[in-house]
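All residue numbers refer to positions in the sequence shown, counting from 1. Numbering of ligands and ligand atoms starts at 1, following listing order.
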Amino acid sequence: MNSKICELFGIEYPIIQGGMAWVSDAHLAAAVSDAGGLGVIAAGHAPATWVKEQIDILRSKTDKPFGVNIMLLSPFKEEVAKVLADEKVPVIFTGAGNPAEYIELWKSSGAKIAPVVASRALAMRMEAMGVDAVVAEGSEAGGHIGELTTMVLTPNIVQSVNIPVICAGGIHDSKTALAAFVLGADGVQVGTRFVLAKECTTHQAYKDKIIKAKDIDSKVTGRVTGHPVRLIRSPIVRTMLKAEYQPNAVETLEKLGEGSLRAAVVDGDVKKGSFMAGQVGCMLKEEHSAKEIIEDIFDADKFEVILKSLA
Ligand code: TUI
């Protein structure tokens, strides 16, 4: 596909693998980059030493371009930001905050910068700061989310900025990818479907949780406290949703959440784990290799059938 995102990042298909904390390690990212997309390591709450290790592992597996997603709520964000510059990471994604203070450092290291945004105002502020692209992430996405849906957020940002826009939230197949391009996006970011990549080292119980999820199993905790997180229904989610309406809700939710994503991804703990996933989880039933996933999404025959049905 001829796309501004392919040119900007030096990739074959305009698809970015979402930076999912604990899930998106060097093994998954290398497989996606090798298959022609942009693989992304998620720094999450990890220290800089872990991030550096993952960059080294990825570089030992592929010489294709890749990205790192820095989560701006991380206590290690300062040191991680510096490692990304020192390591000359080709593409830097940011999530859950405003990366203003690091833009100059990363630009001087030669990185392309693409913040994940959940509003038009932030997309415009980011463009004014000189970033190279934005990821418009709708609230269908998993994990930490904003309020607006992909269907409204994407075209609103597309008509408000002049830099390339990557659409995220609800994208998992050729139909949803094509819809993102119709909305004006230059590329797509896919998260949840890559949890089911064969190269993804996430615990099988996490993958099974996605495979078994029904549409109504997708829940959002933290709406009341102002930190909405989308995940799959489980015992901890039930406790969190009740706690939201009790006194000290912020502290209780923070305590319940601590270590719960690791418990899900690493230990597959169905009781204590937070199984963050996008709404599309209910549509995903099988595991495939990263290459199969990308080739299925960008299947020219499938695109043609959809477009012909509209003619
Ligand atoms: O970052 C994400 N999704 C994530 S990060 C994550 S790790 C985590 N672990 C435990 C609890 C909470 C998170 C799981 N999922 N997505 C990117 C994203 N960024 N979506 C929305 C935003 C966002 C929100 C507010 C970006 C900027 C912002 O405000 C900045 C400002 O200054 O206005």
Option passing side-chain hydrogen bond (donor to acceptor under 3.5 Å, both in side chains) with E140 (candidates T192, T149, T150, T176):
T150
[atom] - nearest protein heavy atom and its distance:
{"atom": "atom 20 (N) of ligand 1", "answer": "E137 OE1, 3.0 Å"}
{"atom": "atom 32 (O) of ligand 1", "answer": "N98 CB, 3.4 Å"}
{"atom": "atom 25 (C) of ligand 1", "answer": "G97 N, 4.4 Å"}
{"atom": "atom 12 (C) of ligand 1", "answer": "V229 CG2, 4.2 Å"}

Would you say R230 and S139 are linked by a side-chain donor-acceptor pair, where the criterion is simply a distance under 3.5 Å?
no
Please go through I145's hydrophobic cluster and name the other residues, only I, L, V, M, F, W, Y counting, with side-chain heavy atoms under 4.5 Å joining them.
V220
With no hydrogens and no angle check, is any side-chain donor or acceptor of W106 less than 3.5 Å from a backbone partner on A81?
yes
side-chain contact (heavy atoms from CB on, under 4.5 Å) with I163: of I157, D186, V134, L8, only one passes, and it is V134
Which bit of L122 is near ligand 1, meaning a heavy atom under 4.0 Å away: side chain, backbone, both or neither?
side chain
Nearest non-hydrogen atom to atom 6 (C) of ligand 1 belongs to which of R125, M71, H45?
M71
Best match, M126, H144, E254: closest heavy atom to atom 4 (C) of ligand 1
H144
Look at ligand 1 and say whether G44 reaches it with a heavy atom at a distance under 4.0 Å.
no
Taking distance alone, with no angle check, do A96 and ligand 1 share an N/O pair under 3.5 Å?
yes
For K107, I'd like to know if atom NZ has over 12 heavy atoms of other residues, nucleotides or ligands within 6.0 Å.
yes
Could you tell me, atom by atom, which parts of ligand 1 come under 4.0 Å of a heavy atom of [X]?
{"X": "G143", "answer": "14 (C), 15 (N)"}
{"X": "V116", "answer": "17 (C), 18 (C), 19 (N), 26 (C)"}
{"X": "M276", "answer": "9 (N), 10 (C), 14 (C)"}

Do the side chains of K291 and D34 get close enough for a salt bridge, i.e. N-O under 4.0 angstrom?
no
Would a 4.5 Å heavy-atom cut-off, applied to side chains only, mark Q204 and E287 as touching?
yes
